[in-house]
Structures are given as C-alpha cells and as structure tokens.
Amino acid sequence: MLQLGVLALGNMFSLGLAFGEDSAPLSEVLVTAPEPRYVAPTRRDRIGRIWAPVYLNGQGPFRFVLDTGANRSVVTPAVAEALGPQVRTNSTVEVRGVTGTALAPVIRVSGMEIGDLVLGSVLLPVMPDVFGGAEGVLGNEGLRDKRIAIDFKRDSISIRRSRRERPGAGFETQPMTLLRGHLLAIEVLVGSVRATAILDTGAPDSLGNAALLTALRRQAKDDPSTAIVGITLDVEYGDRMVVPTMQLRNVKIRGAMLTFSDVSIFRHWRMTSRPTIMLGMDVLGVLDEIIIDYRARQMHILTSDR
C-alpha cells in the first residue's frame with residue numbers, strides 16, 4: 001500500500017508517502033541557482049520548499065519538491081499527460097492520506113533523471129495537483145546511503161553518497177532513527193516536553209498530535225478552527241497555536257506554530273500515545289543549513305541564531 005499524507009492549512013500542503021520496493025540508487029545531485037529557484041528559504045511571512053529539477057523519459061525538467069517523508073516519487077496529472085499515452089498503465093494503488101484513503105492511477109516511466117543520475121523503470125502514482133505549483137514530489141528512492149546538504153542562504157542542494165564525514169564548524173549533530181522503514185525521526189524538546197519529530201521537507205506546515213498538546217498542558221478549543229484537508233478531500237479539524245521554544249540539541253526555535261490533531265495518518269502509524277510532531281518547512285526552513293545523512297543516521301544543523 002502507498003501511504004500519502006497531505007495536510008492543507010489554507011493553501012498549504014504537506015506530503016509523506018511509503019512504498020515497499022526500492023529502485024536503483026542515486027550517486028550525486030548538485031543544484032545551484034543565483035536566485036531562489038530550487039531552495040526557497042522559509043521566513044515568518046512565507047513558506048519555502050526545496051526544489052529539484054527532474055527529467056522523466058528525457059522530458060523536462062519538471063519542478064519536483066524534495067520530500068524526506070516520501071520514499072517514492074509522485075507526479076501531477078499535467079505531467080502524466082505531457083509524457084504521453086505510452087506511460088499509462090491499468091494499475092491503481094491505494095493511497096492513504098492524512099485524513100483518509102483513495103485509489104490513484106499509476107504510470108510507468110523508463111527513466112527518471114536528477115542531474116546526471118538515472119533511475120531505471122519507475123512506477124509513479126498520479127496525484128491531484130495539490131502541491132502549490134510543484135509538478136511532483138521527489139521521494140527518497142536510492143537515498144538510503146546518501147547525504148543531503150541543504151543550504152538555504154546559498155540556494156543549493158547537494159545529494160551524494162555518504163562517507164559518514166563530519167560537518168563543518170558550528171554544526172550541531174542530532175541522531176536520527178528510522179521509523180516504519182522510511183520515516184526519519186529525531187528527538188526534540190518543546191518547552192520541557194520531549195517529543196518525536198518526523199522530518200518532512202515536503203510539508204510547509206508542522207502538525208502535532210493530541211498527546212503533545214496534552215503534555216504541554218494546553219487545552220484544545222471547543223470548536224477547532226483549522227481545517228485539515230487530505231489529498232482524498234476528507235476533512236478533519238485541529239487547533240493551531242504557538243508552542244513553547246522548540247529545542248534541537250543546542251539549537252532553539254522560538255515562536256513556532258503547530259496544528260494539533262490526531263488525524264488519520266497519526267492513528268494509522270499508531271503515533272497517538274506519545275508526543276509526536278510532523279516537522280515541516282515552517283520550522284526546518286528557519287535554519288541556515290541542514291545536512292541529512294541517511295547512512296550515518298545523523299542530522300547536522302547550522303544556524304546563526306541560537
């Protein structure tokens with residue numbers, strides 16, 4: 001089963017998906033731009049995402065969002081149409097969203113290229129165009145032994161084979177664990193509450209479960225005002241509020257805002273009893289640099305404001 005989570009807060013969405021099958025590994029991707037094209041830094045007044053140029057069957061590049069919460073890539077209907085009828089299949093896959101499930105058609109491409117790298121035959125679910133201008137999502141196919149360096153200030157992404165090298169001066173190192181086979185997780189403090197944070201670079205907004213809200217001794221509103229619309233268009237509601245200072249080792253993030261709800265995907269993952277966060281770009285994007293080392297199971301963080 002494919003698992004896909006889409007959180008919609010107004011026009012914002014977050015994405016996470018899971019397939020069980022791996023494709024050919026990546027070796028290296030380097031993307032740079034003089035203006036924010038591929039890495040859009042997050043600030044308090046707007047949401048940034050991490051872009052990657054992807055070629056499918058030699059066509060493109062298509063603008064995909066890099067999503068560490070997704071271990072398969074997906075495309076929009078417009079991309080599937082541009083690739084032509086030869087990529088169509090008669091297959092469908094059950095998609096599990098943040099708020100429900102639905103069936104999605106699947107296309108098959110003979111090659112997916114990122115930079116000079118090529119993946120072989122790949123099955124790609126076709127999802128509604130809910131990605132805010134992106135033409136698809138780049139999942140973590142082949143990234144299990146890779147190192148992703150994201151520099152928001154210099155607008156660059158580097159994806160290469162991990163040699164377990166140490167980061168430069170000033171970085172804080174945070175151990176990572178792998179949950180459910182594909183979810184990258186770190187431990188964080190929210191105020192004095194210890195929580196598990198799932199790294200989701202495809203999510204503009206962060207989402208907390210009800211256990212975290214209870215542990216923070218905050219009360220949900222009688223009438224939750226924030227609609228959470230999944231990709232299946234099922235709707236749930238949550239409470240959106242500012243949380244105490246969030247701490248990732250010695251890095252402190254103040255004024256973060258989370259939406260709290262035990263949505264369907266938290267229930268499916270059985271992540272309702274312990275404080276848990278899906279950590280999106282509204283939090284990750286305020287950092288200067290992030291290095292995610294899959295092989296070393298480490299996250300390195302650099303920020304000028306501690």
Side-chain angles (χ1 to χ4, degrees), residues 5 7 9 12 14-16 40-50 67-69 98 148 150-153 167 170-177 179 183-221 226 228 238-263 265-266 269 271-293 297-306:
L7 164 66
L9 304 176
M12 303 303 179
S14 81
L15 180 70
T42 298
R43 294 294 180 262
R44 296 296 181 187
D45 60 347
R46 74 183 183 94
I47 297 298
R49 289 177 298 174
I50 302 167
D67 187 353
T68 55
V98 164
I148 305 174
I150 305 161
D151 188 331
F152 291 99
K153 286 195 168 182
F171 279 87
E172 289 287 336
T173 297
Q174 177 92 36
M176 297 190 307
T177 57
L179 303 179
L183 298 173
L184 296 174
I186 61 174
E187 293 296 311
V188 302
L189 282 176
V190 184
S192 60
V193 176
R194 189 172 299 276
T196 297
I198 299 166
L199 303 181
D200 192 355
T201 61
D205 294 295
S206 299
L207 178 66
N209 66 1
L212 176 58
L213 185 65
T214 300
L216 291 172
R217 298 182 179 179
R218 302 289 180 89
Q219 286 193 340
K221 300 173 186 176
T226 301
I228 305 169
D239 297 291
R240 189 159 175 80
M241 62 188 72
V242 176
V243 297
T245 297
M246 190 178 301
Q247 190 165 340
L248 290 69
R249 285 295 174 104
N250 292 323
V251 175
K252 295 181 179 180
I253 300 172
R254 299 174 178 86
M257 183 173 287
L258 270 63
T259 299
F260 292 93
S261 179
D262 277 344
V263 291
I265 198 68
F266 275 144
W269 286 340
M271 293 181 179
T272 57
S273 60
R274 187 181 187 280
T276 303
I277 305 170
M278 289 177 63
L279 205 58
M281 291 302 298
D282 54 342
V283 174
L284 296 174
V286 301
L287 305 171
D288 291 342
E289 293 185 48
I290 305 169
I291 299 174
I292 298 172
D293 194 321
R297 299 286 174 87
Q298 292 178 334
M299 176 183 180
H300 309 293
I301 302 166
L302 180 65
T303 179
S304 55
D305 180 17
R306 297 214 181 163

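For clarity, every value in this text was computed on a predicted model and none was experimentally measured. Heavy atoms only: backbone and side chains are in, while hydrogens, waters and symmetry mates are out.
- Taken to the nearest 0.5 Å, the CD1 atom of I186 stands 4.5 Å off from the CG atom of L248.
- In this structure, T272 contributes its side chain and D262 its backbone to no donor-acceptor pair below 3.5 Å.
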CA sep, side-chain torsions, deciding dist, call: V283, M246, side-chain contact (heavy atoms from CB on, under 4.5 Å) = CA-CA 9 Å; V283 174; M246 190 178 301; 4.1 Å; yes

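- Two residues are said to be in side-chain contact when any heavy atoms from C-beta on lie closer than 4.5 Å; L199 and M299 meet this criterion.
- Residue T173 comes nearest to P167 through the heavy atom pair OG1-CG, 4.1 Å, listed as atom of the first residue, atom of the second, then distance.
- Although no hydrogens or angles enter the test, the distance criterion places no donor-acceptor pair under 3.5 Å between the side chain of N250 and the main chain of E172.
- Residues V190 and L258 have side chains not in contact (no heavy-atom distance under 4.5 Å, counting atoms from C-beta outward).
- Taking the side chain as every heavy atom from C-beta outward, W269 and L183 approach each other to under 4.5 Å.
- Judged by distance alone, with hydrogens and angles left aside, the side-chain atoms of N209 form a donor-acceptor pair with the main-chain N or O of T276 at under 3.5 Å.
- Remark: T245 OG1 to K252 NZ distance equals 7.0 Å, nearest 0.5 Å.
- Note that CG of L284 is 8.0 Å distant from CD1 of I301, once rounded to the nearest 0.5 Å.
- No side-chain heavy atom of V251 sits under 4.5 Å from any side-chain heavy atom of Q174.
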message = What verdict does the side-chain contact (heavy atoms from CB on, under 4.5 Å) test give for R218 and D239, after you've listed the backbone C-alpha separation in whole Å, the side-chain angles of each residue and the deciding distance to 0.1 Å?
response = CA-CA 10 Å; R218 302 289 180 89; D239 297 291; over 6 Å; no

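- In this structure, CD on Q247 lies 13.5 Å from CD on E187, to the nearest 0.5 angstrom.
- No hydrogens or angles considered: a donor-acceptor pair under 3.5 Å links the side chains of S206 and D282.
- Residue D151 holds its CG atom at 9.0 Å from CD1 of I291, rounded to the nearest 0.5 Å.
- To the nearest 0.5 angstrom, I148 atom CD1 is 7.0 Å from T68 atom OG1.
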ask   = Does the side-chain contact (heavy atoms from CB on, under 4.5 Å) test come out yes or no for T196 and L179, once each step is laid out?
value = CA-CA 10 Å; T196 297; L179 303 179; 4.1 Å; yes

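- Closest approach of F260 and L216 over heavy atoms only: CZ-CD1, 4.2 Å.
- Using a 4.0 Å cut-off between charged nitrogen and carboxylate oxygen, D205 and R240 count as a salt-bridge pair.
- Taking 4.5 Å as the limit, some side-chain heavy atom of M281 sits within range of a side-chain heavy atom of T201.
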request  = Go through the steps to decide whether Q298 and F171 satisfy the test side-chain contact (heavy atoms from CB on, under 4.5 Å), and finish with yes or no.
outcome  = CA-CA 12 Å; Q298 292 178 334; F171 279 87; over 6 Å; no

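- For the pair T303 (side chain) and L287 (backbone), a donor-acceptor distance under 3.5 Å is absent.
- Contact annotation: the side chain of F152 approaches that of I290 to within less than 4.5 Å [non-hydrogen atoms, C-beta and beyond].
- Residues I228 and S261 come closest through the heavy atom pair CD1-CB, 3.7 Å.
- Within 6.0 Å of atom CZ in R274, more than 12 heavy atoms from other residues, nucleotides or ligands are found, so the atom counts as buried in its surroundings.
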